[in-house]
Each structure stands twice: as C-alpha cells, then as structure tokens.
Amino acid sequence: MPAERLVVRIARLGAQGDGVAETAEGPLYVPFTVPGDVVEIARETGRRGAASRRARLLAVMEPGRGRQTPPCPHFATCGGCALQHLGAALYEDWARERIRTALGHHGFDTVPIAAPFIEQPQSRRRLVLKAQVTGSRVLLGFRERRSHRLVDIHECPVARPPLVALFDPLRDLLPHLLPPRAMAEINLTETATGIDCVIAAEAPLGLACREALAAFAVEWDLAAIHWSEQGALETVVTRRPPMMDFDGIAVPLPPGAFVQATAGGEAALRAAVVEWTAGAERIADLFSGIGTFALPLARGAAVHAVEGARALLEALDAGARGAQGLRRVSVEHRDLFRRPLLPHELAAFDAVVFDPPRAGAMAQAQALAQSRVPGVIAVSCNPNTFARDARILVDGGYRLSAIRPVDQFLWSGQMELAAHFHR
Ligand SMILES: C[S@@+](CC[C@H](N)C(=O)[O-])C[C@H]1O[C@@H](n2cnc3c(N)ncnc32)[C@H](O)[C@@H]1O
C-alpha cells in the first residue's frame, strides 16, 4: 500500500527530538522538523497495514523558527545524530524540556533544572563503529536510524578529529583482516596516552593480520590494539598502556571499558558530584566504573566503590594505589541490580553517588529510600529511568533539590544529568 501523503504543521519536539504534529488520529512523529514547520510528509504504514505514528519528511513547505543548516553531509542518513537541524537556542530548550517531560510523567512539576551543559562539536572521545567488507569495498560507520543498513561515513563533526583521521586508514586496513562479508565492530577511545582500539570481529587472527595491526599501530601512533573474537579478547599490540586522567589521577583503561563520552561532559558531571558531596566523610560510589568520580572524591573523603565488572574495579584499585594524597579507597565487586546495598550497609555513608546504565537503578533506589543517608547524587544517561528512580527516592522522604542536564552526545537525542537529593 503506498504511503499516505499529508501536509501538517509541527507543534512541538518529542522526547527523541522528532517533530510532533497533532492529527485527528493522534500525534504523528516527523524526524528532522522543528516547531512551526509546515511540511509535506509520507505517513509510514504500521503493522498489518495500520496507520503508523511515524512519518517521513518529504518537503519543508514553510520553515519554522530556529532551524540551522546541519553541519554533517551524512546527517539524516547516518543514525548517529537526530538533531543537527536545531539551532543552538532551540536545541537548549529541547534539552531542558526532555528532562522536564520525563519528570512530569512521574509527578514532578517544580524541580529546578539548571541551564544545560552542552558539549561542543569535535569532542566525542569514544566511538563504536560498525564495519563490513563487501567484495573489495569496506563500509565503515554507523547504522541508519531504525535500520540495520550501514552508512559509510567519512566525516563526523561530533567526534574528536584524531578518531575521524582513522576512518580512511581503517577502511584500507580491514580487507587485510576480514574475509568477504564479515562484520566487525571497532571501538575507538582517545585516552591520555593515545588511541585505544578494540576490533571485535567474526574472524580469527592469523600471523599476517597481527603484523598488519602492529604496523598500523606504529603508522597511526595508536596506544594499543586488541582483537576480540566470540568474546575472547587478545591484546595484539601495546605501544603505550592506555590511561585515563581523572582530574589529575591516572587510571589504566581496560580494553573497551566505559568512559564518559567527552572530557567536558565528564568534568561537568564530576563538578556536580564533588560540589554536592562536599563535607561528606564517607562516600559510596555505586556503579563506579573505573573511578571517574570515586578517585577524585577520595581526595576529600573515604570512598567505597561498588561495580559489577571486575576488570573495571581492578583498574580503579590500580589508579587508587598509584595516586598521591587520596584517603582510603575500598572496592567491592557486586551486582547492584540483584544485590543492592541494603539500608543497614548504607548506614555507613553520609553520601551516596549512583551512576547506573540506561536501565536505571530501581532496586538500589528502593534500598536508598529506606535508608537514612543524608545526601544522594544520581548521575543518569536516561531521563526516563532517572525520573522513575527519583520518584522512589522522593516517596521515601528525599527532596530533589537540583538537576543539571549534561549533553555529551551532541545532536543525538540522548540526554544525561546529575541530580541532588537530600533528607
Ligand atoms: C554509566 S556507567 C558509569 C561508570 C562510572 N560511574 C563512570 O562515570 O565512569 C555504568 C556502570 O555500571 C556498571 N554496571 C552495569 N550493570 C551493573 C550491575 N548490575 N551491578 C553493578 N554495576 C553494574 C557498568 O559496568 C558501568 O561501569
């Protein structure tokens, strides 16, 4: 059935940044539009031929206010960015509104939301690229939005230029490493000692491939390259151990480990965490990763770091042992979804920081809600699960006094935040 063509006016931006038109059949989501746009669209067909809530933009007939020319030639094809067409003021409004709307769904009407920290272009220091060898060609880039199709990218205005400079050399290298039609995922992280590269591929690594990777590391001055096949990871070359620098504290980076997406975003989140834990003597840092917050906090307090990935805790511990002037840092390997810190364990702390993955930390929030910990700081990469967990804390007697939006994933539609709760 051919898609239905309509002309609609865009009323507002939705949570993922798509424009929303109110129609007789309900809201219709139109990517790459702004409020006030009058657009011609093709309504997508949903399951079993039903009218979908999604539409494809065919033409902007009357532009709304606040548009800008998207800086990237891959925009609207590459699924990495959704909002490059928003000018700065409109983008900032959307960032704040994104969090306000999520909170509103959980009954928060009057929480003070600070001006968002919005990262600059060329700042993303970690990229997870997909690659596929097709005959003599290599596609390297990101997937199309809501599709498995790979978009071959040559530019990326959000990424750190040293990472972008590797795109073409990697494209030349990959046919020497992968058989035809093989897929790979390439994880690049810019560290304090150079770029760390993890290639996860559907192919074993022969001697010639090892030599090619070693030569590549020298030619492009990479810190290290690792190869992962079926979950088994091998370090192929280390020229300098990859290290992160957390406010002057050096920590070894396990291959592919989580780091905050940009240095500026990390600093903004850490500034909030440090400010809101000021005066605390004993702090628990839950979902601690390799110590982004735990180690700098240990300059002023004893810190207990809890994390589910053992390799990350070992790196944190190594960072603590190598640093000067820290107070006691203890580590605990624990699955906080299944075994959150319980109220009697939380009683040992006068501040708790938690920074869970996108699923949030419902079980931990429930335990915190029953505790007497005076100060709780949430860091979140998902406003929806954050709002759910915030409701649990507030129903347990905490006051949510401040929220700082932090946008490290410029133009992507993803929004992060730090929030302060206290009794
Ligand atoms: C968003 S990252 C934050 C890491 C750290 N706070 C930072 O800023 O670098 C979430 C962390 O939670 C950890 N994690 C995920 N699921 C977990 C679980 N069930 N129990 C404990 N930690 C978990 C991940 O390994 C990851 O280090």
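Quantities reported herein were computed from a predicted structural model and do not represent experimental measurements. All values below come from the heavy atoms of this structure, side chains included, with hydrogens, waters and symmetry mates left out.
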| Of all pairs that satisfy side-chain hydrogen bond (donor to acceptor under 3.5 Å, both in side chains), the ones with a partner from residues 106-119, not counting sequence neighbours | E119-T262
| task | Return the set of residues passing ring-ring contact (aromatic ring centres under 6.0 Å, His included) with F258 (not counting sequence neighbours), or none when no residue passes. | result | none
| request: Please name all residues satisfying salt bridge (charged side-chain N to carboxylate O under 4.0 Å, His left out) with D245, sequence neighbours left out, ordered by chain then number. | output: none
| Which residues share a side-chain contact (heavy atoms from CB on, under 4.5 Å) with E62, sequence neighbours left out | R9, V38
| request: May I have all residue pairs that pass side-chain hydrogen bond (donor to acceptor under 3.5 Å, both in side chains) and include part of residues 280-293, sequence neighbours excluded? | output: E281-R327
| query | What residues, two or more places apart in sequence or in another chain, satisfy ring-ring contact (aromatic ring centres under 6.0 Å, His included) together with H74? | reply | none
| field | Counterpart residues, ring-ring contact (aromatic ring centres under 6.0 Å, His included), relative to H422 (two or more places apart) | value | H420
| message | Can you confirm whether the side chains of H226 and D196 place a donor and an acceptor under 3.5 Å from each other? | response | yes
| task | Applying salt bridge (charged side-chain N to carboxylate O under 4.0 Å, His left out), name anything that partners R328, two or more places apart in sequence or on another chain. | result | none
| said: Taking side-chain hydrogen bond (donor to acceptor under 3.5 Å, both in side chains) as the cut-off, I'd like each qualifying pair that reaches into residues 83-94, sequence neighbours left out, listed once. | reply: Y91-D407
| Any chance the side chains of H304 and E332 put a donor and an acceptor closer than 3.5 Å? | yes
| task | List in chain and number order the residues that pass salt bridge (charged side-chain N to carboxylate O under 4.0 Å, His left out) with R404, two or more places apart in sequence or in another chain; answer none if no residue qualifies. | result | E275
| For R310, what residues pass the salt bridge (charged side-chain N to carboxylate O under 4.0 Å, His left out) criterion, not counting sequence neighbours? | none
| task | Would you please name every residue forming a ring-ring contact (aromatic ring centres under 6.0 Å, His included) with W227, sequence neighbours left out? | result | none
